[in-house]
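These figures come from a predicted structure and were not determined experimentally.
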Amino acid sequence: TEDEITLFERDMKEFWIQFKISYGTEQINQTSALRALCKETIEALSEKWSKKLKEEDLMIDKIQEYNNEILEQSKYVAEKEEQLTEVKSNLSQEEEQQKNLTDSIQKLKEELMKKMEIKSSKNKATKEKVEQVSKIKSLFQEHLGLEMRRIHDEQLQFIFRHIDHKDPDKPYVCTLSINEQGDYEVTSCTPPLDSIAELQLKLRETNNFSAFIANIRKAFTALSYK
């Protein structure tokens, strides 16, 4: 009947109202739950990625720190290599200097030995000449009135007498030495003789000391008559 239809329609309306209310509430609850889940998920992800980013930042800082340490080590190694190169160069220079010094010392030794040999040879020659002079000293002193003296600087002074017939005791003096080359050298002659250079040269050439003394006496004698 009409009342039953009206009651059915009313029941249907209430059903739909209740259905909508129930479905809407459930939908809202589901949406809220989904939002809450999304928020939790987002927060969890955010925290996870934030932690990861922090770890990556720490890792980047650590890598940068390692890079800085490597750079410092590279600088240190470069400095040490430069110092080592300098040390090697100094050692090489010192070795060269030591070699030069050794060579110089050896050269000086050789020069010294040569000088010693030359000196020994000169001393031997000088000794022989002195012995030669000594041998004829007594002969000339006895027969020709010759006196021989050793004076300063290892010079030999010959004093001739019996030259001037007017004054037999008047001295005529010739001083002789042996130079660094081992040769005879007239250092003074009183009175002077014009031929002294020629007589000295002849003595050096012949090494005949007796003839030199005789020629000196002859030259003084000739001078006394002028």
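In this structure, NZ in K75 is found 12.0 Å from CD in Q73, a value given to the nearest 0.5 Å. How far CD of Q200 is from CZ of R204: 4.0 Å, rounded to the nearest 0.5 Å. To the nearest 0.5 Å, atoms CD (E180) and CD (E185) are separated by 10.0 Å. Rounding to the nearest 0.5 Å places CG of L193 at 11.0 Å from CG of N215. Expressed to the nearest 0.5 Å, how far CD of Q157 lies from OG1 of T190 amounts to 8.5 Å.
Without hydrogens or angle criteria, E198 side chain to S195 main chain gives no donor-acceptor distance under 3.5 Å. R217 contributes a side-chain N or O that, together with a main-chain N or O of R161, makes up a donor-acceptor pair within less than 3.5 Å. N179 places a side-chain N or O within donor-acceptor distance of the main-chain N or O of D183, the cut-off being under 3.5 Å.
Classification of R149 and E147 as a salt-bridged pair holds, one side-chain N sitting under 4.0 Å from a carboxylate O. Salt bridge present: R150 and E154 bring a charged side-chain N and a carboxylate O closer than 4.0 Å.
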Between E110 and K114, does a side-chain contact (heavy atoms from CB on, under 4.5 Å) hold up when you go through it step by step?
CA-CA 6 Å; E110 292 175 357; K114 186 180 293 185; over 6 Å; no
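Side chain to side chain, E72 and N68 fail the donor-acceptor criterion of an N or O pair below 3.5 Å.
The same ILVMFWY cluster, assembled from side-chain heavy atoms under 4.5 Å apart, contains both L223 and F160. Cluster membership check: I178 shares its hydrophobic cluster with F212, using side-chain heavy-atom separations under 4.5 Å among Ile, Leu, Val, Met, Phe, Trp and Tyr. There is no path of hydrophobic side-chain contacts, each under 4.5 Å, that joins I213 to V173. Under a hydrophobic clustering in which Ile, Leu, Val, Met, Phe, Trp and Tyr are joined whenever their side-chain heavy atoms come within less than 4.5 Å, directly or via other members, M148 and I159 fall into different clusters.
The minimum heavy-atom distance linking S224 with I163 is given by the pair OG-O, 3.7 Å. The two residues L176 and L203 make their nearest non-hydrogen contact at CD2-CD2, 4.4 Å. Pairing each heavy atom of T187 with each of S177, the nearest pair is CG2-OG, 3.4 Å.
In this structure, F158 has its ring center under 6.0 Å from that of F209. Under the 6.0 Å cut-off for aromatic ring centres, Y172 and F220 qualify, their centroids lying closer than that.
In this structure the side chain of P192 never reaches within 4.5 angstrom of the side chain of D194, judged on heavy atoms. Two residues are said to be in side-chain contact when any heavy atoms from C-beta on lie closer than 4.5 Å; I196 and I216 meet this criterion.
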